[in-house]
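This one's a predicted model, so the numbers in the text were calculated from it and none came from an experiment. By convention in this document, chain letters (A, B, ...) are assigned in the order of the sequence lines, proteins followed by strands, and residues within each chain are numbered from 1.
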Number of protein chains: 2
Amino acid sequence: MPLDLKANEMKRVDELIGKRRKVVRGERLFQSGDKFNSLFAIRTGFFKTHTSTEDAREQVTGFQMAGEIIGLDGIVSDRHTCDAVALEDAEVCVMPFDRIEELSREITSLQRHIHKIMSREIVRENGVMLLLGSMNTEERLAAFLFNLAKRLQARGFSPSELVLRMTREEIGSYLGMQIETVSRTFKKMSVDGILEVNGRHVRIVNIDALTKMMEQKK
Amino acid sequence: MPLDLKANEMKRVDELIGKRRKVVRGERLFQSGDKFNSLFAIRTGFFKTHTSTEDAREQVTGFQMAGEIIGLDGIVSDRHTCDAVALEDAEVCVMPFDRIEELSREITSLQRHIHKIMSREIVRENGVMLLLGSMNTEERLAAFLFNLAKRLQARGFSPSELVLRMTREEIGSYLGMQIETVSRTFKKMSVDGILEVNGRHVRIVNIDALTKMMEQKK
DNA sequence: CGCGTCATTGATGTGCATCAAGTGGTGTGG
DNA sequence: CCACACCACTTGATGCACATCAATGACGCG
């Protein structure tokens, strides 16, 4: 999201996001129970976040790519309530939340920016609830791919050539379906001429059919 | 959540929440597409929020009771993205968001408070995603009732005597299940001696069994 | 280049949706 | 004040979408 600042403000925001941290593939940026100190802005790489229950059940709650913010879950209780795992080597900006609050008291546009980021996450999760609560498996996978494509496009990548960074299992967890069902649904969509699927390489052949598939009647 | 203020701060926050609005049962407090101006704090009554798609599909995204805040979805795009409907006659405080931001630039504890409210909503939605994505119908209903009971208890009501303000259909929409399944699951839990169910009057007889039911293995 | 992880594919089972019918409670108008 | 209509809910019968079980195939990377 855009955030226009005056030169002197820019400088102060820059120093806020000065510290960097590298996270190698498979490593956790934070995990449930960790003390919350900072938000993280992804510079490069790809993450998943997931919650887990005592009985070892896991639910992937989101996939995040460059330019997105993770860690918002930690604010409410000063502890993180989910895990963030790098799905490929990544680098993040560490943004101490105290400093964010301090600065956003002075820089109105930053304050608004933070609020929008949090609101956007709420709206995003509303969308996932809609997906999980009322769509069948085909619609879910279509919505998932469409969303990925849009985000890649916004970053200047091709919206039709996707390289999935997550396993079928992680997709399944996110979409509330079993790994075999994910696989079969990919197959069906490729038989139907909507996708070309080759492992983690997915090409969207018919974007119109894909969008229609998201809103098919039950 | 607690919010301790000095006397002069208190006064200013008080005037922020000065304006009231009554919403009769069935009426919408706001709906998708409405311009976003204010957050709403529920003084009395009970609400549901739901999203809808073009193809008329609806998903209840939450039920809110006295003391809770609604409208956070509107911040990101300056428009509401869901509907808020009163399930019983209600009164809310109208809190202009501009004023909230203004004040929270001056009152640090208010600023933190707002951030926590938004983060809490994010965490709550994570929980719903877990529920929708990985629990069976019994577990979902158990989790739903347990959550309601906790919130009522926090407000000084009995945690075992519930009067549901929503229909079976609304419960079903929230939990991603059909109305008949909601009904049958209530029945089963009452046969199992966990609940006593009489229409919208529900008594939790065996809270231990209820909590165990939330974490049964798949 | 071999081994383990990830993905595919087929066969079978089942939890929940769907279809269908009926009950009870509540408000309304004759 | 009763009869009717309407709505929310329940209950039973049936079907299907997706889970589960099982086996094999194909990478990717160390």
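- Look at CD on A:Glu169: it is 13 Å from P on D:dA19, rounded to the nearest Å.
- To the nearest angstrom, P of C:dA17 lies 17 Å from CE of A:Met135.
- Atoms NE2 (B:His201) and C1' (D:dA8) sit 14 Å apart, rounded to a whole Å.
- Separating the CD atom of A:Gln178 from the P atom of C:dA7 is a distance of 14 Å, rounded to the nearest angstrom.
- Counting heavy-atom neighbours within 6.0 Å of B:Arg25 CZ, excluding the residue itself, gives a total of 12 or less.
- Residue A:Arg79 qualifies as enclosed at atom CZ: its count of foreign heavy atoms under 6.0 Å is above 12.
- One can place CG of A:Asn198 at 18 Å from P of C:dC6, the figure rounded to the nearest angstrom.
- For A:Arg203, the CZ atom sits in a loose shell: 12 or fewer heavy atoms of surrounding residues, nucleotides or ligands are nearer than 6.0 Å.
- Between B:Thr137 and C:dC16 there is a side-chain N or O to OP1 or OP2 distance below 4.0 Å.
- Among the protein residues, B:Gly172 comes within range of no part of the nucleic acid, since none of its heavy atoms lies under 4.0 Å from any strand.
- Distance, A:Arg25 CZ to D:dC29 P: 6 Å, rounded to whole Å.
- Side-chain proximity of B:Asn136 to D:dA19, D:dA8, C:dC16: nearest is C:dC16.
- Comparing C:dC19, D:dT10, C:dC16 against the side chain of B:Glu180 picks out C:dC19 as the nearest.
- With B:Arg140 contributing its side chain and B:Leu175 its backbone, the two residues share a donor-acceptor pair below 3.5 Å.
- The side chain of B:Arg200 contributes an N or O atom lying less than 4.0 Å from OP1 or OP2 of D:dC9.
- Atom CD of B:Glu169 has 12 or fewer neighbouring heavy atoms from other residues, nucleotides or ligands inside a 6.0 Å radius.
- The CE-C1' distance, from B:Met177 to C:dT18, rounds to 15 Å in whole Å.
- At whole-Å resolution of the value, CE in B:Met166 and C1' in D:dC7 are 18 Å apart.
- The local environment of CG in A:Asn198 is sparse, with at most 12 non-hydrogen atoms from other residues, nucleotides or ligands closer than 6.0 Å.
- Note on ring orientation: taking the six-membered ring where Trp is involved, the planes of A:His80 and A:Phe36 are perpendicular (angle over 60°, cut-offs 30° and 60°).
- Across residues 181-193 of chain A, A:Ser183, A:Arg184, A:Lys187 each have a non-hydrogen atom less than 4.0 Å from an atom of DNA chain C (numbered order).
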